[in-house]
Enquirer: 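One structure, as structure tokens, below. Some questions next.
Throughout, protein chains are lettered first and strands after them, A, B, ... in sequence-line order, and every chain is numbered starting at 1. Note: hydrogens, waters and symmetry copies are ignored here, and every other heavy atom, side chains too, is used.
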Protein chains: 2
Amino acid sequence: MTEVEKQRNNNEKRERILEGALKAFAKKGFYNTKVSEIASEAGVADGTIYLYFKNKDDLLISLFEDRMEWVIERLQAELSAVSGDSLVKLRAFVHLHFLLAVENRDLAEFITVELRQSAKFVKEYKNPKFADYLRILQGLIEQGQAEGLIRAELDSKLVSRAIFGALDEVLLQLTLSRSAPGDVVNESTQISAILIDGLITRD
Amino acid sequence: MTEVEKQRNNNEKRERILEGALKAFAKKGFYNTKVSEIASEAGVADGTIYLYFKNKDDLLISLFEDRMEWVIERLQAELSAVSGDSLVKLRAFVHLHFLLAVENRDLAEFITVELRQSAKFVKEYKNPKFADYLRILQGLIEQGQAEGLIRAELDSKLVSRAIFGALDEVLLQLTLSRSAPGDVVNESTQISAILIDGLITRD
DNA sequence: TTGGCTACTGAATCGCCATTCATTTCTTAG
DNA sequence: CTAAGAAATGAATGGCGATTCAGTAGCCAA
């Protein structure tokens, strides 16, 4: 086996473990998932997990890093393909957020449910990838402010937090109720409408 | 000891345990908190906890119920003292949400961080009190729609979820960073402004 | 004073599960 | 083909911590 193939092999096993962990965490949550369950889901022995990850916490963090990186790449790729002003991009962002979640149920469930816990309780972990995600959103807001489309007096950091929160909570409901993909278009359209134009009626 | 005094005594001990649990859960999270830590925080023996609660899960759920009930009562009391149209009330709601959180740090931290986990993983638990909270918000939206102030085409359930999510995420940030009470007024004002008027500039 | 009742205590139990590591299996260079 | 080294295995270990329960303490009524 060449070095390259060896590398691929390693990554494939590592990936299988991550995939098993994702599935298990999404179903039962981090604390209620046994390492042995992840192992069996991944089709490896319990001990094998410890060849790829330091411990259960490390597995959790690695899973975050890995999947968030993937999400961010997809998001950026799709966003850069959108042409138009920042409001158009913001609408696209909202839509993509939902779309990615619906296409990756387990991942969405894992992130919406475990993100908070982990951010707080897995010692030392500062969750840089999540910060990156927020920064993309914040960048859109600031772009809009620079273009004069979004009110300049708003704190872009606060706004991006709030938007993320709104999306996340609606998604939580969606994933937990395991409802049909439903009208993602409808939901994302309504959220965008509120964000951009507000709740009030106009003449 | 009369029956009444006995009752009060019981409730006082029960309350001490709930208070200890709240403090501990807020600091270390449900899964990282030992029952013995709660006991020592409450100044009772480990076994005493099991005289008042079936098990650790039951303690968690009871804590939710109890504190959410209190929050809802305060919220309703304060809201009913607000006179004005539904937009005024919505602004007050947002403001109160932040205010209550800042006045009750541990409670806010507990609710923002543990609510999701519990809703999903404590078997059987449907979290009715949280549903009540959302319903208050939903009621405000619907009132606004009836008054013609809020766009009728919006799904009030979706909207109330989204608003709650926005508030919750901003609060999460606030409580986790343990930042100074800071400008709660500023934050709640900006959030209300976005909700009501939207992000965009107006001529 | 005593006996019974209730509330409380906290040390001991017991099951669980993350982690380890002696052993086995696979891989490849010579 | 062979032997060394790498990778994987999964049964055994060890510690932890929720829960239990035999015993203690306080209280009251007779």
Enquirer: Nearest whole angstrom, please: distance from the P of dT19(D) to the CG of Asp58(B).
Expert: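 The distance from CG of Asp58(B) to P of dT19(D) comes to 10 Å, rounded to the nearest Å.
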
Enquirer: Parallel, tilted or perpendicular, judged at 30° and 60°: which one describes the rings of Tyr133(B) and Phe93(B)?
Expert: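 The rings of Tyr133(B) and Phe93(B) sit tilted, inter-plane angle from 30° to 60°.
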
Enquirer: Starting at CG of Asn32(A) and ending at C1' of dC16(C), how long is that distance when rounded to a whole Å?
Expert: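 It is 13 Å, rounded to the nearest whole Å.
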
Enquirer: Side chain of Ala45(B) only, heavy atoms from C-beta on: which candidate in dT19(D), dT9(D), dG10(C) is closest?
Expert: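 Selected nucleotide (nearest to the side chain): dG10(C).
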
Enquirer: Nearest-Å distance, CD (Glu12(A)) to C1' (dA8(D))?
Expert: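 Glu12(A) atom CD is separated from dA8(D) atom C1' by 16 Å.
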
Enquirer: Return yes if a side-chain donor-acceptor contact under 3.5 Å exists between Glu142(A) and Ser156(A), otherwise no.
Expert: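 Ser156(A) and Glu142(A) do have a side-chain donor-acceptor pair below 3.5 Å.
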
Enquirer: Take Phe130(A) and Phe164(A) through the test ring-ring contact (aromatic ring centres under 6.0 Å, His included) and record every step on the way to the result.
Expert: CA-CA 11 Å; Phe130(A) 174 60; Phe164(A) 174 81; 5.0 Å; yes

Enquirer: Could you tell me the separation between the CG atom of Leu51(B) and the C1' atom of dC21(D), rounded to a whole number of Å?
Expert: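 The answer, rounded to whole Å, is 11 Å.
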
Enquirer: Give a yes/no on whether any side-chain N or O of Thr48(B) is located under 4.0 angstrom from OP1 or OP2 of dT9(C).
Expert: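 So the side-chain polar atoms of Thr48(B) do come within 4.0 Å of the phosphate oxygens OP1 or OP2 of dT9(C), strictly under.
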
Enquirer: Out of dA8(D), dC8(C), dT20(C), which has the shortest distance to the side chain of Tyr52(B)?
Expert: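 Nearest listed nucleotide: dC8(C).
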
Enquirer: Quick one: Leu59(A) CG to dT19(C) C1', roughly how many Å, whole number?
Expert: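 Nearest whole value for this atom pair: 14 Å.
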
Enquirer: If I take atom NZ in residue Lys54(A) and atom P in nucleotide dT20(C), what distance separates them, rounded to the nearest angstrom?
Expert: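 In whole Å, dT20(C) P lies 11 Å from Lys54(A) NZ.
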
Enquirer: What is the distance, to the nearest angstrom, from the NZ atom on Lys28(A) to the C1' atom on dC17(C)?
Expert: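 Atom-to-atom, Lys28(A) to dC17(C), this comes out as 12 Å.
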
Enquirer: Choosing from dT9(D), dT20(C), dT9(C), which nucleotide comes nearest the side chain of Val44(B)?
Expert: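 Per side-chain heavy atoms of Val44(B), the pick is dT9(C).
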
Enquirer: Which of these nucleotides, dA7(D), dA11(C), dA18(D), is closest to any side-chain atom of Asp46(B)?
Expert: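 Closest nucleotide among those given: dA11(C).
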
Enquirer: What residue among Phe30(B), Trp70(B), Phe25(B), Phe110(B) forms ring-ring contact (aromatic ring centres under 6.0 Å, His included) with Phe64(B)?
Expert: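 That would be Phe110(B).
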
Enquirer: Could you tell me whether Ile49(A) contacts a base, only the sugar-phosphate backbone, or nothing, with contacts defined as non-hydrogen atoms closer than 4.0 Å?
Expert: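 Answer is nothing: Ile49(A) stays at 4.0 Å or more from every strand.
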
Enquirer: With a 4.0 Å limit, can you tell me whether Lys13(A) has a side-chain N or O closer than that to the phosphate oxygens OP1/OP2 of dA8(D)?
Expert: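 Lys13(A) to dA8(D) OP1/OP2: side-chain N or O found under 4.0 Å.
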
Enquirer: Of the nucleotides dT19(C), dT19(D), dG10(C), which one has an atom closest to the side chain of Asn55(B)?
Expert: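 Closest of the options to the side chain of Asn55(B): dT19(D).
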
Enquirer: Just to be sure I understand the rule, does Thr33(A) reach a base, reach only the sugar-phosphate, or reach nothing, if contact means heavy atoms closer than 4.0 Å?
Expert: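 Thr33(A): backbone/sugar contact only, no base atoms under 4.0 Å.
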
Enquirer: Return the value, rounded to whole Å, for the distance between atom NZ of Lys56(A) and atom C1' of dT19(C).
Expert: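 Atom NZ in Lys56(A) sits about 12 Å away from atom C1' in dT19(C).
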
Enquirer: Do the side-chain N and O atoms of Gln173(A) and Glu169(A) include a donor-acceptor pair separated by under 3.5 angstrom?
Expert: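 On atom types as modelled, these side chains do not qualify, holding no pair under 3.5 Å.
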
Enquirer: Could you check which of dC8(C), dA18(D), dA18(C) has an atom nearest any side-chain atom of Lys34(B)?
Expert: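 It is dA18(D).
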
